[in-house]
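Here the structure is laid out as structure tokens; the discussion comes afterwards.
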Amino acid sequence: METDDALDGAPTADTAARVREVIAAAGVSQREFARRVVMDPSKLSRSLSGTRRFTAAELARIADEGRVDAGWLLGTRSREKAAAPTVGVEGGRPLQIVRETVRLIAEHGFHAVRVADIARACATSSAAIHYHFPGRAELLEAAVRWCMDEDTARRATRLAEADDAAAELRQLIALQTPRTAQQRRQWAVWLDLWAEAARSTAVGRLHSEYYRQWRETVADVVRRGVGQGVFRAGLDPQAAALTLTALIDGLATHVLSVGGPSSAAAADAMHAALTTHVTDTILAP
């Protein structure tokens with residue numbers, strides 16, 4: 001988990017102002033910038049408002065994304081010596097580290113991933129990894145948060161393309177059916193995180209909160225569908241969401257347990273079963 005150690009001697013207000021400059025130069029929202037530097041949006045907001053201090057690792061990631069000198073952010077270098085903030089290039093070192101961490105978690109399991117493995121995958125040193133993420137726990141938490149943010153962004157894009165709630169639900173089912181390598185990796189990470197949630201670890205609690213938000217997304221779609229008349233009148237959105245998400249989880253677990261060519265057939269069967277369930281219990285007759 002991230003440590004909130006204060007940066008002794010760092011001018012908090014000035015640092016926050018410089019970080020605001022970097023965000024403005026990036027031309028994205030504060031939430032999107034937080035996603036790019038794999039930082040909790042609420043922590044970024046509190047740090048910018050002065051109610052918490054940025055950690056050294058956070059400033060390192062911000063400097064990397066904004067392509068500025070970390071010393072300039074801290075105020076230890078003059079403006080003349082520091083590079084002016086420029087638009088960050090998505091895909092910098094912190095993001096590479098996080099993506100490789102997610103891949104390794106999917107392939108080997110949450111507890112099997114070591115910092116040395118991540119450094120090797122990134123063709124760098126463990127010291128370089130620790131520059132951006134001081135501890136293994138912080139790195140794993142950042143990787144999980146990034147994975148969740150990516151999933152949320154994909155859902156938002158698909159829902160925006162739908163004409164009504166029935167189409168939205170079909171899009172959600174398609175996204176949750178592990179057909180592609182990326183979807184299978186994502187599900188492999190989710191399965192590992194459920195075990196963490198059962199142990200009430202910090203990462204597990206993060207996953208539990210994300211899962212609550214996911215189920216609420218499904219409930220909101222059901223609620224809209226009832227209002228639009230495309231779903232059954234009187235349908236309980238929360239109960240329908242609970243049943244559908246549980247069915248998705250169980251079927252996806254089965255698909256991931258099937259290897260080789262059979263996995264494609266299992267994914268097709270999962271999608272067919274979910275479509276039948278929606279037709280029989282959710283769609284208006």
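With a 4.5 Å cut-off on side-chain heavy atoms, Leu247 and His277 count as touching. Within the 4.5 Å cutoff, the side chain of Arg35 has no heavy atoms near those of the Pro41 side chain. No side-chain heavy atom of Asp64 sits less than 4.5 Å from a side-chain heavy atom of Leu95. A 4.5 Å side-chain heavy-atom check between Val38 and Arg145 finds every atom pair outside the cut-off. Val19 has its side chain within reach of Leu59: a pair of non-hydrogen atoms, C-beta onward, lies under 4.5 Å apart. By the 4.5 Å heavy-atom criterion applied to side chains, Leu193 and Ile105 are not counted as neighbours. Taking the side chain as every heavy atom from C-beta outward, Val22 and Leu73 approach each other to under 4.5 Å. Side-chain contact between Arg215 and Arg212 is absent, with no heavy-atom pair separated by less than 4.5 Å.
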Could you pull out all donor-acceptor pairs under 3.5 Å where a side-chain atom in residues 124-132 meets a protein atom, sequence neighbours excluded?
from, atom 1, to, atom 2, distance (Å)
Ser125, OG, Ala128, N, 3.1
His130, ND1, Phe133, O, 3.4
His130, ND1, Pro134, O, 2.8

Side-chain atoms of residues 223-231: list all donor-acceptor pairs with protein atoms under 3.5 Å, sequence neighbours left out, distances to 0.1 Å.
from, atom 1, to, atom 2, distance (Å)
Arg223, NH1, Asp220, OD1, 2.6
Arg224, NE, Glu168, OE1, 3.4
Arg224, NH2, Glu168, OE1, 2.6
Gln228, OE1, Ala165, N, 2.9

Cut-off 3.5 Å, no hydrogens considered: what does the side-chain donor-acceptor table look like for residues 263-272, sequence neighbours left out?
from, atom 1, to, atom 2, distance (Å)
Ser263, OG, Gly260, O, 2.8
Asp268, OD1, Arg179, NH1, 2.4

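Take Phe33 and apply the ring-ring contact (aromatic ring centres under 6.0 Å, His included) test, not counting sequence neighbours, and it matches no residue. Residues meeting the side-chain contact (heavy atoms from CB on, under 4.5 Å) test with Ser262, sequence neighbours left out: Val258. With sequence neighbours left out, the side-chain hydrogen bond (donor to acceptor under 3.5 Å, both in side chains) criterion links Arg114 to Asp117. With sequence neighbours excluded, the residues satisfying side-chain contact (heavy atoms from CB on, under 4.5 Å) with Asp151 are Arg154, Arg155, Gln176, Gln186, Trp190, Tyr210. Looking at residues two or more places apart in sequence or on another chain, you find no side-chain hydrogen bond (donor to acceptor under 3.5 Å, both in side chains) involving Gln182. Shown here are the side-chain hydrogen bond (donor to acceptor under 3.5 Å, both in side chains) partners of Arg232, two or more places apart in sequence or in another chain: there are none. Residues satisfying the side-chain hydrogen bond (donor to acceptor under 3.5 Å, both in side chains) test with Ser45, not counting sequence neighbours, are none. For Arg103, the salt bridge (charged side-chain N to carboxylate O under 4.0 Å, His left out) partners are Glu100, Glu107, not counting sequence neighbours.
Distance check: Leu274 CG to Ile173 CD1 gives 5.0 Å after rounding to the nearest 0.5 Å. Separation of atoms CG (Leu251) and CG (Leu256) is listed at 12.0 Å; rounding is to 0.5 Å.
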Tell me, with the steps shown, if Gln96 and Arg99 meet side chain to side chain donor-acceptor pair (under 3.5 Å). CA-CA 5 Å; Gln96 180 199 18; Arg99 283 173 170 164; over 6 Å; no
Before giving the answer on side-chain contact (heavy atoms from CB on, under 4.5 Å), spell out for Val68 and Glu65 the whole-Å C-alpha distance, their side-chain angles and the decisive distance to 0.1 Å. CA-CA 8 Å; Val68 298; Glu65 175 64 27; over 6 Å; no
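The nearest pair of heavy atoms linking Gln183 to Ala174 is NE2-O, 3.2 Å. Closest heavy-atom contact between Arg52 and Thr55: NH2-CG2, 4.0 Å.
Residue pairs meeting the side chain to side chain donor-acceptor pair (under 3.5 Å) criterion with at least one member in residues 239-256, sequence neighbours excluded, are Tyr211-Asp249.
Of the possible donor and acceptor atoms, one in the side chain of Arg20 sits under 3.5 Å from a partner among the backbone N and O of Leu48.
Between the side chains of Thr51 and Arg46, no donor-acceptor pair of N or O atoms lies under 3.5 Å.
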